[in-house]
There are 2 protein chains.
Amino acid sequence: MCARHAGRVTVPAQRTPQPERTRVMRARLMQATIDCLVERGWAGTTTTLVSERAGVSRGAQLHHFPSKRELVVASVQHLADQLNGDLERRHDEAIHGRGHSTRKTLGLLADHFTSAIFVASLELWVAARTDAELLEIVRPIERRWGREEHRLAVELLGVDDSHPPTRALVQGTLDMMRGFGLANTLSDDSRRRGRILAEWAELIDNNARPAVAGAAPTGKAR
Amino acid sequence: MCARHAGRVTVPAQRTPQPERTRVMRARLMQATIDCLVERGWAGTTTTLVSERAGVSRGAQLHHFPSKRELVVASVQHLADQLNGDLERRHDEAIHGRGHSTRKTLGLLADHFTSAIFVASLELWVAARTDAELLEIVRPIERRWGREEHRLAVELLGVDDSHPPTRALVQGTLDMMRGFGLANTLSDDSRRRGRILAEWAELIDNNARPAVAGAAPTGKAR
DNA sequence: ACATAAAAACAGTCAAGGTTGTTTGTATCT
DNA sequence: AGATACAAACAACCTTGACTGTTTTTATGT
């Protein structure tokens with residue numbers, strides 16, 4: 001509408017180059033897939049529903065993702081990025097905001113494990129158990145994600161990860177967080193969680209060995 | 001055929017009374033449903049598959065359970081019984097077998113949370129999140145189950161449940177177990193779990209307040 | 001600069017396959 | 001005889017991906 005014939009550069013802002021539009025379209029579809037997972041679960045995530053939710057015609061959907069499988073695979077990667085992004089964001093907030101208590105770090109982790117993206121991950125996780133193809137892409141992502149969580153926890157808690165008992169305590173705590181995430185899906189579990197976390201902070205403070213001051217086990221120490 | 005009219009007692013052993021046969025038939029279908037949940041997941045649990053697996057004709061299936069919903073509801077109850085039975089069985093084994101260490105109790109709990117029935121529960125649990133009707137029957141069962149686990153843990157660990165930090169430690173430990181169960185679905189996690197549990201036993205021994213000798217907090221003390 | 005060809009993006013219909021529950025029919029038990 | 005248990009075909013519905021057609025964008029030759 002703005003160019004073509006006369007080559008007028010009057011309205012350059014509206015024109016989006018093709019590759020960018022494709023990128024946006026794919027992102028819309030992947031996000032809609034994740035939203036559907038959260039709202040309807042794995043079994044309820046149909047291609048029709050996704051296309052409606054994304055506001056994309058069925059034809060366009062099939063153009064960008066020829067099969068449901070490809071859509072799901074791409075969405076899993078998309079979700080992985082979001083998981084890492086969420087962790088990083090919470091990490092940065094914790095670093096910059098002052099008040100570095102153990103309790104706050106635990107709250108931060110618990111929030112991560114009760115977020116919508118965790119719920120979407122849970123759906124994929126459980127679905128992957130009985131879907132070999134899906135398992136192959138979900139498993140490595142889950143591994144990396146778990147390691148990131150561990151790294152973040154160790155760093156924010158400021159504990160010595162090379163000390164076996166401390167390491168086990170951190171790992172167990174993260175597994176507990178996963179348990180929290182699971183329990184939170186059926187009904188709001190925040191009261192109970194809060195009570196446990198309050199005691200848990202003391203447990204960690206009393207039992208985890210603090211990181212050696214200058215040491216930087218994984219990356220930079222706090 | 002064996003009694004009433006003719007009173008023929010020729011083949012008394014084979015003849016099973018009607019109500020018993022009905023009971024068996026329903027049990028076969030419910031068990032097949034649970035097996036399908038474990039092997040194929042919630043989305044893969046179709047009525048056709050269940051009937052095939054149970055070795056029951058589709059007509060008979062529909063006779064005993066007019067709709068899929070009713071089959072699932074009955075199966076959930078069936079599963080609940082199995083969960084309680086599993087807990088009770090492990091409890092009895094722990095009581096009668098000698099060697100009552102914290103580590104063994106933790107192993108017992110972890111086994112419970114990595115068993116096939118846990119996997120089936122997990123499928124239903126996750127499915128119930130996005131299925132209001134299912135949620136209504138799964139939630140109360142989950143609550144009761146959680147309380148049973150807690151009771152069992154407190155009793156076998158021999159700790160004082162009225163002491164808030166101890167109580168929180170037990171609850172957190174059970175949430176960790178749920179996390180173990182989840183992690184174990186994607187790949188065998190027993191090595192890691194074993195390492196954590198070994199340290200965890202010490203953690204509990206060092207931080208949980210032992211139950212007062214004569215006191216019986218919930219039921220009978222050990 | 002411009003016309004045109006090629007390619008990509010997009011839209012919508014259709015068919016195949018699968019799942020569920022209804023219905024109709026038969027055998028067995030009380 | 002009546003009711004219950006079982007069997008199996010059938011119809012309605014949904015999901016998926018193939019197919020056909022239209023529009024828009026990009027590349028190319030003059």
Side-chain angles (χ1 to χ4, degrees), chain A residues 1-9 11-12 14-29 32-33 36-37 40-73 75 127 131 133, chain B residues 1-12 14-29 32-33 36-37 40-73 75 127 131 133-134:
Chain A
M1 194 199 279
C2 61
R4 256 286 294 260
H5 239 39
R8 303 203 312 156
V9 205
V11 201
Q14 268 94 325
R15 271 280 58 77
T16 12
Q18 196 68 355
E20 173 64 12
R21 293 182 59 182
T22 295
R23 218 187 54 77
V24 169
M25 207 64 163
R26 288 175 60 95
R28 282 234 309 265
L29 284 164
T33 304
C36 275
L37 279 174
R40 308 294 191 94
W42 170 257
T45 299
T46 66
T47 56
T48 321
L49 197 68
V50 169
S51 69
E52 279 174 15
R53 211 192 156 74
V56 167
S57 81
R58 205 149 159 59
Q61 179 185 37
L62 269 303
H63 173 70
H64 291 288
F65 298 102
S67 75
K68 182 178 184 179
R69 189 113 248 146
E70 297 189 41
L71 172 62
V72 169
V73 169
S75 300
D131 184 326
E133 268 186 79
Chain B
M1 194 203 274
C2 64
R4 258 288 293 260
H5 240 41
R8 303 211 311 162
V9 206
T10 333
V11 200
Q14 271 94 326
R15 270 284 53 79
T16 11
Q18 195 67 354
E20 173 64 12
R21 292 183 59 180
T22 295
R23 216 188 55 78
V24 169
M25 207 64 163
R26 288 176 59 96
R28 281 233 311 265
L29 284 163
T33 304
C36 275
L37 280 175
R40 307 295 191 95
W42 171 255
T45 299
T46 67
T47 56
T48 320
L49 199 68
V50 168
S51 69
E52 279 172 16
R53 210 194 156 76
V56 168
S57 81
R58 201 147 160 57
Q61 177 185 39
L62 269 302
H63 172 70
H64 291 287
F65 298 102
S67 76
K68 181 178 184 180
R69 190 112 247 147
E70 296 188 44
L71 172 62
V72 168
V73 169
S75 301
D131 185 325
E133 267 185 80
L134 192 56

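Numbers restart at 1 for each chain; the letters A, B, ... are given by sequence-line order, proteins then strands.
Between atom CD of residue A/Glu52 and atom OG1 of residue A/Thr47 there is a gap of 10.0 Å, rounded to the nearest 0.5 Å. Atoms NZ and CD, from B/Lys68 and B/Gln61 in turn, are 10.0 Å apart once rounded to the nearest 0.5 Å.
Annotation: A/Arg40, atom CZ; neighbour count of heavy atoms from other residues, nucleotides and ligands within 6.0 Å does not exceed 12. When the shell of 6.0 Å around CZ of A/Arg58 is examined, it contains more than 12 heavy atoms from other residues, nucleotides or ligands.
Distance, A/Arg69 CZ to D/dA18 P: 15 Å, rounded to whole Å. Regarding A/His63, its NE2 atom lies at a distance of 15 Å from the C1' atom of C/dG12, rounded to whole Å. Rounding to whole angstrom units, CZ of residue A/Arg26 and P of C/dC10 are separated by 12 Å. When rounded to the nearest whole Å, the span between CD of B/Glu52 and C1' of C/dT20 equals 14 Å. Summarising the geometry, the separation between CG on B/Leu62 and C1' on D/dC10 is reported as 13 Å, rounded to the nearest angstrom. Between the NZ atom of A/Lys68 and the P atom of D/dG17 there is a distance of 8 Å, given to the nearest Å. The distance between atom CD of A/Gln61 and atom P of D/dT15, rounded to the nearest whole Å, is 13 Å. Atom CE of B/Met25 and atom P of C/dT28 are 14 Å apart (whole Å).
Comparing C/dT20, C/dC29, D/dT25 against the side chain of B/Thr48 picks out C/dT20 as the nearest. Among the nucleotides D/dC6, C/dA11, C/dG21, the one closest to any side-chain atom of B/Ser57 is D/dC6.
Counting heavy atoms from C-beta outward, A/Thr33 and A/Arg53 have side chains that stay 4.5 Å or more apart.
At a cut-off of 3.5 angstrom, the base of C/dG21 holds at least one donor-acceptor pair with the side chain of B/Arg58.
Checking the phosphate oxygens (OP1, OP2) of D/dT4, no side-chain nitrogen or oxygen of B/Thr22 falls inside 4.0 Å. Contact annotation: B/Arg21 reaches the phosphate of C/dC29 (side-chain N/O to OP1 or OP2, under 4.0 Å). In terms of phosphate contacts, B/His64 brings no side-chain nitrogen or oxygen within less than 4.0 Å of OP1 or OP2 of D/dA5. Considering only side-chain N and O atoms, A/Thr47 lies nowhere under 4.0 angstrom from the phosphate OP1 or OP2 of D/dT15.
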